[in-house]
Amino acid sequence: PARFLFRYSVPCRYRKPLWTDAGLNLPDECRLPRLAELEGIRTYADVRCAWNDEGLGFSVRVEGKKQLPWCRDSRPDESDGLRLWIDTRDTHNIHRAGRFCHQFMFMPAGSGRNLDEPCGEQLFIYRARENAKPVRSNVFRVRREKRADGYLLECFLPGTALTGWDPAENPKLGFTYAVIDRELTTQTFTCGPEFPYHEDPSLWGTLELARP
């Protein structure tokens with residue numbers, strides 16, 4: 001596959017403030033490239049990211065849906081939403097995750113009495129040699145806007161939720177994502193489901209924490 005021929009490094013823009021009462025509101029310059037299009041794969045999600053010393057912010061705008069997303073906070077592995085993998089040491093020569101590698105799942109619904117509230121969860125990485133420190137879901141900030149053909153989902157990960165978070169010493173992060181949708185299939189960043197990107201950090205790309 002075309003995406004497998006290269007190792008990708010993309011900028012993550014600096015924003016301060018990052019999270020406000022209105023969410024992230026990330027501009028176009030924070031948009032991540034849709035690398036799946038290199039293989040002629042149709043994409044449906046606009047994924048953006050930004051950072052400051054307090055943590056990382058991500059947004060995803062999903063378009064083209066005719067059905068509601070399927071989400072359950074009790075079953076995050078099976079739910080629709082944005083899944084993130086982050087390595088605070090940007091290590092690409094290992095095939096099993098270590099304690100600096102993280103997996104998070106953010107869902108546009110699935111929480112609350114009516115299962116209609118957005119939420120986020122930390123997930124352990126399959127076959128990891130050592131897991132990152134566990135964090136409670138209430139440390140994340142999550143916001144959702146319903147749209148006629150999908151949704152906008154915004155989330156903030158504080159640096160305290162990331163083992164080894166130190167932008168001054170380690171300004172590059174290993175990174176990949178998957179936007180999961182039962183109706184529209186899965187959109188990924190660096191490689192598709194033919195490779196075990198969900199457990200192998202050598203298949204992730206790099207986020208460069210760009211200073212202003």
With side chain to side chain contact (heavy atoms under 4.5 Å, CB included) as the criterion, how do L32 and V10 come out once you've worked through the C-alpha distance, each side chain's angles and the decisive distance to 0.1 Å? CA-CA 7 Å; L32 294 176; V10 298; 3.8 Å; yes
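- In this pair, W204 and W85 present their aromatic rings tilted. The plane angle is within the 30 to 60° band.
- Here the straight-line distance linking atom CG of N93 with atom NE2 of H95 works out to 8.5 Å at 0.5 Å rounding.
- With hydrogens and angles disregarded, a donor-acceptor distance shorter than 3.5 Å links the side chain of T163 to the backbone of K133.
- Ring geometry for F106 against F140 counts as perpendicular: the plane angle is over 60°, on a 0 to 90° scale with 30° as the lower cut.
- From L26, atom CG reaches atom CD of E154 across 6.5 Å, with rounding to the nearest 0.5 Å.
- Atoms CZ and SG, from R144 and C119 in turn, are 10.0 Å apart once rounded to the nearest 0.5 Å.
- Within the model, atoms CG of L24 and SG of C155 stand 7.0 Å from one another, a figure rounded to the nearest 0.5 Å.
- At a cut-off of 3.5 Å, with distance as the only test, no side-chain donor of T88 or H102 sits close to an acceptor on the other residue.
- In this structure, F175 has its ring center under 6.0 Å from that of F58.
- Between the CZ atom in R15 and the CD atom in E54 there is a gap of 13.5 Å [rounded to 0.5 Å].
- Rounding to the nearest 0.5 angstrom, the gap separating the OG1 atom in T160 from the CG atom in L157 is 9.5 Å.
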